[in-house]
Visitor: 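What follows is a single structure, and I will ask about it in a moment.
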Amino acid sequence: MTSTGGEVTVIPGDEAASRPAPPGAPPGTLTVSGALAWIDVFNSGVGAEAATLGDLDRQAGDGDFGANLLAALRRVRRRLAEAPPTTPGEAFLCVSHGFLNTGGTSGPLFGLWFRGIGRAGDGPYLTLAELAAGVAAGTATIQRLAGAKPGDKTMVDALVPAGEALAAAAADRLDLRAGLARAADAAHAAAVATRDLRARRGRASYVGDVAVGVPDPGALTVALFLDSGCVALHPADEPPPVGLPAPDAAGATGSR
Amino acid sequence: MAGPNALAVAAPRRQFVNDPDEVVEEALEGLEAAHPRLIRWNRDPSFVQRAKPAPPGRVAVISGGGSGHEPLHVGMVGEGMLDAAVPGAVFASPTAGQILAATQAVANGAGVVHVVKNYTGDVLNFAIAAEVASDDGIEVRQVLVDDDLATTSTTGDGPGRRGTAATVVVEKIVGAAAAAGADLDRVVALGRRVAATSRSMAVALAAGAHPGDPRPSFELPPDQVEFGVGIHGERGIGRRAFATADELADELVRPLLSDLAIGSGDRVIAITNGLGATTNLELAVIHRRVARVLSAAGVTIERALVGSYVTALDMAGCSVTLTRVDDELLALWDAPVRTIALSW
């Protein structure tokens, strides 16, 4: 079923990344190099999955989702090269900038979400609690501006449970990678469940029942992003897989 | 009635295009070359601003939206109207990043008004830009234009009426108020009042075609016209038999009077607007009838525009917009303006 989150071996207290942390960065926090590695894995994941996501969007929307994601990440790469970030917050603000300059509506909404993470802290590292707060802030902004609630078959369906999982993990004093694994699990489950929903917001709402049976590509992208964090922060000797739920699970044409 | 129209519908139209993907940029370069004393084009991110910025301390006014509606919005940039316009691709919203860059470029310390036509993508991208601009301490308020009577919803659920040619009236009056030094609250209130008292209705004789794709977005039989069309080639609300200019004009005006509850003693600004491929000669014929109908109803047309201001590429057809006005709105309409499209 879900190909990643659930298979990530969670070892609370593990080193957050296999990279050197800046002096003073506590273990289990996100440094700028960790953030860049995360963005890099996400970039590769989008490259691999853009066609699939675009196909899902074609069945329920206007089909530009995959192309818009790729265009956004091209801008992200350019921005990162032009203005190399020195903190993890700055790294996610570069991602935000790339997405805000993308056409359509999903791209700019992701831009707002990444901005929430980027503004979670301006120091040399982010704790899980800070990341959880940033995700919650970004998600709240999206809900306020787009008017979408969980159950409307949009990216919000994955954002809300992912944010809640991060907050719960922070409350449980888990480290970053363990928290991300929980959030990725939650996002995957919610993204796959959008398959059975009838869209009430977003482009898919224009086609009504036609979109039932097609999972929301925005929600899947949220899961892909969180998976990417798990992969990037995973010790090198434990390579977990990354990717979207397998096509049969994504259920583009399937039924339950 | 079949002859000339049958040809217009059947023949693919030839277009002046180099590269369909570059049409918007090339047009902006051309407009800047033509009007260097009025506008300046920022190439990336793409937006157009006044060549001579407004004095400090004034509310800044920005609009924008998909291209293909020329002279809207770039043609409305200049003294007494817009401080900046943000053009998207043809019929596609500009990005939040473009809008943000324009907002930061013209913010003048007194807040920024975004005049936005009511389309989901435009509304959201302007709202996102406003959200991010607030990080810089820029206060941004949105004035939504939703005048298209054909899209009035009966359920109250859904995107609401589309924004069309009343945008010109809103931009003019908001721009004049800002130029006169009104504060942000006042400028926004005026803009919302104009939007609330404006309605438009359109009729198409033939759909338009995208640059590089000469097939029209819908086909009309030569003996029919389509009422309630939008400015993006959206289908309308109903087809009727083709008829004389007077009969078609009647069908445009009457629902506006009824929806706005305009009657004897009321005063309006009227715009008889071409949708891209209709001649000024024909528009003047339509406006003649608009004036007669309003006069017979005891309504005074205080000011009028007759021409192509809010187009849908090369759609053949026209729209009529009525805005109920009073002395205050009229004075703002009459205030000096110096843009590519409007100048007095």
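Lettering of chains follows the sequences in order, A, B, ..., and the numbering in each one begins at 1.
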Visitor: What pairs meet the side chain to side chain donor-acceptor pair (under 3.5 Å) rule with one or both residues in residues 36-45 of chain A, with sequence neighbours excluded?
Guide: A:N43-A:R77

Visitor: Report, by ascending residue number, the residues of residues 126-136 of chain B in heavy-atom contact with chain A at a distance under 4.5 Å; give 'none' if the set is empty.
Guide: B:A127, B:I128, B:E131, B:V132, B:D135

Visitor: For B:R192, does the CZ atom have more than 12 heavy-atom neighbours from other residues, nucleotides or ligands under 6.0 Å away?
Guide: yes

Visitor: Please classify the contact between B:D122 and chain A as side chain, backbone, both or neither, with a heavy-atom cut-off of under 4.5 Å.
Guide: neither

Visitor: More than 12 non-hydrogen atoms from neighbouring residues, nucleotides or ligands closer than 6.0 Å to CG on A:D122, yes or no?
Guide: no

Visitor: For chain A, which candidate among B:T95, B:I99, B:N125, B:L100 shows the most heavy-atom pairs at distances under 4.5 Å?
Guide: B:T95

Visitor: Of all heavy-atom pairs between A:N101 and B:P45, which one has the smallest distance, and what is that distance?
Guide: OD1-CB, 4.4 Å

Visitor: Measuring heavy-atom distances to chain B, does A:L145 have an atom under 4.5 Å in its side chain, in its backbone, in both, or in neither?
Guide: both

Visitor: Under a 4.5 Å heavy-atom cut-off, does chain B meet the side chain of A:T141, its backbone, both or neither?
Guide: side chain

Visitor: Which bit of A:L109 is near chain B, if near means a heavy-atom gap under 4.5 Å: side chain, backbone, both or neither?
Guide: both

